[in-house]
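Structure, as structure tokens:
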Amino acid sequence: MWKTTAAKLIELENAFRVGVNDGVEAAGWKGQAAGTADQELERTVRQIAISANQAQTISAAADRAVSELPAIQSALRSAIQEAEVSGLKVVENSGGYTVQAAAAGDTSNLSPADSAKQQSAIDGFVVRFNALLRQAGEADSKFAAVMTTLMPGDVAETQLNAWQNGLEDTQRVAGLYGVGPVPKLDPAQTAGWWRGLSDEQRALYLTAYPKQLGSMDGLPAAVRDKANRTALDQRLTELSPALAGGNSPNHDKREWENLTKIKGVLADGSARPPGKELMLLKFGDKFLDGQVVMSIGDPDKAKNVSVSVPGTGATVTNGLEGGIKRIDAMQQVTDKLTPAGGSDLASVFWLDYDAPEQGAAGISGSMIKWDRSQEGAPRLDSFVNGVRAQGNDQHITLIAHSYGTTVVGDAARSGNGLAVDDVVSLGSPGMHVTRAQDLHMDPAHVWAERAVGTSKDTAVVEGGQYSHGVDHKPGGRSLVDRILGEGDDPVTPTDKEFGGKVMSGDAHAHDEYWVHGSTSLANQAKVVMGTYNDPNPLKHPELK
């Protein structure tokens with residue numbers, strides 16, 4: 001019952017937030033009355049959300065109680081049967097159970113040894129019964145504690161800390177059943193940890209720690225998606241009172257804009273067919289521009305996985321919708337490469353780094369520096385390792401665009417490299433290495449494209465190479481020296497010296513690599529599907 005109630009409340013919350021709150025906002029209603037109404041609407045959806053969370057907590061606790069009590073009851077019945085077979089009688093009373101000899105009357109004819117043996121058996125069963133009754137009482141007390149911990153007043157609260165109070169209540173309930181804070185583990189350890197939990201423990205973790213689970217590389221994608229959707233609604237609910245009252249700081253407003261964009265994209269994709277559904281694999285507010293990792297299809301189940309890493313100017317509000325269109329285009333063209341029309345592909349949009357800003361005249365200091373790529377590289381490495389940790393041996397391809405190629409370069413040149421099969425760079429200014437082999441992978445699996453003609457792509461590649469087409473940070477030599485060729489010559493992935501495979505293409509601008517029907521997109525798709533090994537040469541990427 002509680003599980004059904006929680007599901008209905010979550011459904012109501014989503015319908016209310018998207019259908020009512022967002023509808024009123026989209027209508028452009030302004031003024032004092034609109035402001036009052038907006039606060040009341042947010043208060044209502046907040047109450048629904050807290051109610052849903054508490055119903056989920058009660059459901060998880062009830063499931064745990066249901067799993068514990070029948071086992072105790074079964075053990076008690078078995079003990080009673082054993083006692084009766086042993087010639088003893090078990091009598092239920094208000095204080096518990098009394099164990100006595102089954103035969104009434106004089107027992108004085110028993111030898112001292114037989115009498116002692118009978119009393120020992122009676123004492124042993126008394127200990128067993130008391131232990132089982134104590135277990136039942138503890139299980140009942142835990143469930144009662146759940147009921148007292150979850151305060152109905154939280155639902156009616158409109159204070160800023162009401163939601164946090166409710167979440168802390170949920171975590172305390174989880175603690176009653178031995179489910180504590182989420183451990184910090186690497187992706188492989190995380191996968192093993194999750195597999196080792198019981199269904200009840202998993203349910204409690206999802207209810208009490210959704211945000212932490214959603215960010216854990218190594219968990220199943222379906223678990224992360226469920227956790228992140230819950231955490232997204234929780235955070236929107238937490239932010240709404242101050243925003244509605246106009247008392248929120250600017251960074252909260254930016255976060256609200258980012259999160260509502262993610263929510264809107266998920267809502268728009270709710271009707272997608274099976275296998276092409278949107279999955280939310282991560283979101284956050286580490287950067288003002290936001291963080292998001294979203295997938296079309298389940299990367300744990302698909303045979304092929306493409307991970308798209310965007311470049312300069314990518315943000316949640318201005319880049320997520322475009323990023324989804326790009327990976328959707330990849331889905332469509334790979335379907336055409338598959339005879340049955342199903343490419344068995346999961347396409348991921350990975351924006352888990354602070355992409356450089358465009359800056360004045362399209363150039364900024366963050367575009368030239370290595371800081372953003374080096375900061376994001378470990379997270380890209382961790383994400384790929386998390387996909388691998390599910391153990392389904394997918395064919396994984398990284399497709400990086402512009403500055404995104406430097407993120408891939410920094411991730412691949414470190415340690416043992418990236419756990420991927422292929423890397424595709426598009427319009428790259430350089431990958432912080434001068435040879436493909438320095439990416440710790442076979443150069444035959446390092447692919448590159450560059451737009452033709454004079455375009456912004458030319459400026460990015462030929463201008464950016466002086467900062468990113470070398471294997472060390474800029475410094476030690478002046479920009480003038482590097483331009484004049486003094487010292488190391490910069491090398492980009494589309495240069496012959498790099499040693500990778502340069503694909504032909506028909507993109508004429510920096511953002512035209514994903515045009516439907518283009519050779520540029522078809523080449524990427526052939527790499528993603530691994531058709532470069534097909535006996536039919538028409539299925540191979542076109543090379544220069």
Side-chain angles (χ1 to χ4, degrees), residues 306-312 367-370 373-374 377 380-381 396-474 477 479 481-507 510 513 519-520 523-524 526-528 530 532 540-544:
S306 68
V307 181
S308 175
V309 183
T312 298
M367 293 170 58
I368 299 172
K369 296 178 180 179
W370 290 27
S373 61
Q374 291 187 320
L380 179 60
D381 182 47
I396 302 178
T397 304
L398 276 175
I399 301 177
H401 178 233
S402 192
Y403 190 93
T405 65
T406 71
V407 181
V408 174
D410 278 332
R413 72 195 189 103
S414 303
N416 295 322
L418 285 163
V420 300
D421 299 282
D422 291 280
V423 166
V424 178
S425 67
L426 307 173
S428 174
M431 300 184 74
H432 298 167
V433 295
T434 56
R435 298 293 183 268
Q437 63 188 25
D438 296 334
L439 298 174
H440 293 97
M441 60 189 304
D442 184 349
H445 291 274
V446 180
W447 313 78
E449 283 188 19
R450 177 177 171 181
V452 297
T454 302
S455 67
K456 179 185 175 183
D457 205 70
T458 301
V460 170
V461 176
E462 296 185 3
Q465 66 181 331
Y466 296 104
S467 293
H468 304 295
V470 291
D471 57 7
H472 53 271
K473 281 187 175 183
R477 290 180 291 114
L479 179 61
D481 286 340
R482 291 198 298 274
I483 293 175
L484 293 176
E486 298 294 332
D488 297 334
D489 291 328
V491 179
T492 66
T494 47
D495 290 331
K496 183 178 180 180
E497 310 93 276
F498 193 76
K501 290 188 174 181
V502 181
M503 298 184 290
S504 60
D506 48 4
H510 197 52
Y513 293 98
T519 301
S520 296
N523 280 335
Q524 296 174 57
K526 290 172 182 177
V527 175
V528 165
Y532 43 74
H540 299 178
E542 295 182 18
L543 302 180
K544 282 189 174 182

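We're numbering straight along the sequence, starting at 1. Bear in mind that the values here come from a model prediction, so they are computed numbers and not experimental data.
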Between the side chain of [X] and the main-chain N/O of [Y], is any donor-acceptor distance below 3.5 Å?
| X | Y | result |
| --- | --- | --- |
| Thr458 | Gly453 | yes |
| His401 | His510 | yes |
| Asp410 | Val407 | no |
| Asn523 | Ser504 | yes |

Those residues that, when tested against [X], pass side chain to side chain contact (heavy atoms under 4.5 Å, CB included) (two or more places apart):
| X | value |
| --- | --- |
| Pro429 | Thr405, Thr406, Val460, His468 |
| Ala451 | Ser455, Asp457, Ala507, Tyr513 |
| Asp381 | Asn385, Leu418 |
| Val433 | Arg413, Met431, Asp438, Leu439, Phe498 |

Note, Asp506 side chain near Val452 side chain (heavy atom, < 4.5 Å): no

Applying salt bridge (Lys or Arg N to Asp or Glu O under 4.0 Å), name anything that partners Asp421, two or more places apart in sequence or on another chain. Arg388

Is a salt bridge present between Glu462 and Arg450, judged by a nitrogen-to-oxygen distance below 4.0 Å?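 Looking at Arg450 together with Glu462, the answer is yes, because their closest N to O distance falls below 4.0 Å.
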
Holding to side-chain hydrogen bond (donor to acceptor under 3.5 Å, both in side chains), I want the full list of residues that pass it with Ser308, two or more places apart in sequence or in another chain.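 side-chain hydrogen bond (donor to acceptor under 3.5 Å, both in side chains) check on Ser308 returns nothing, list empty.
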
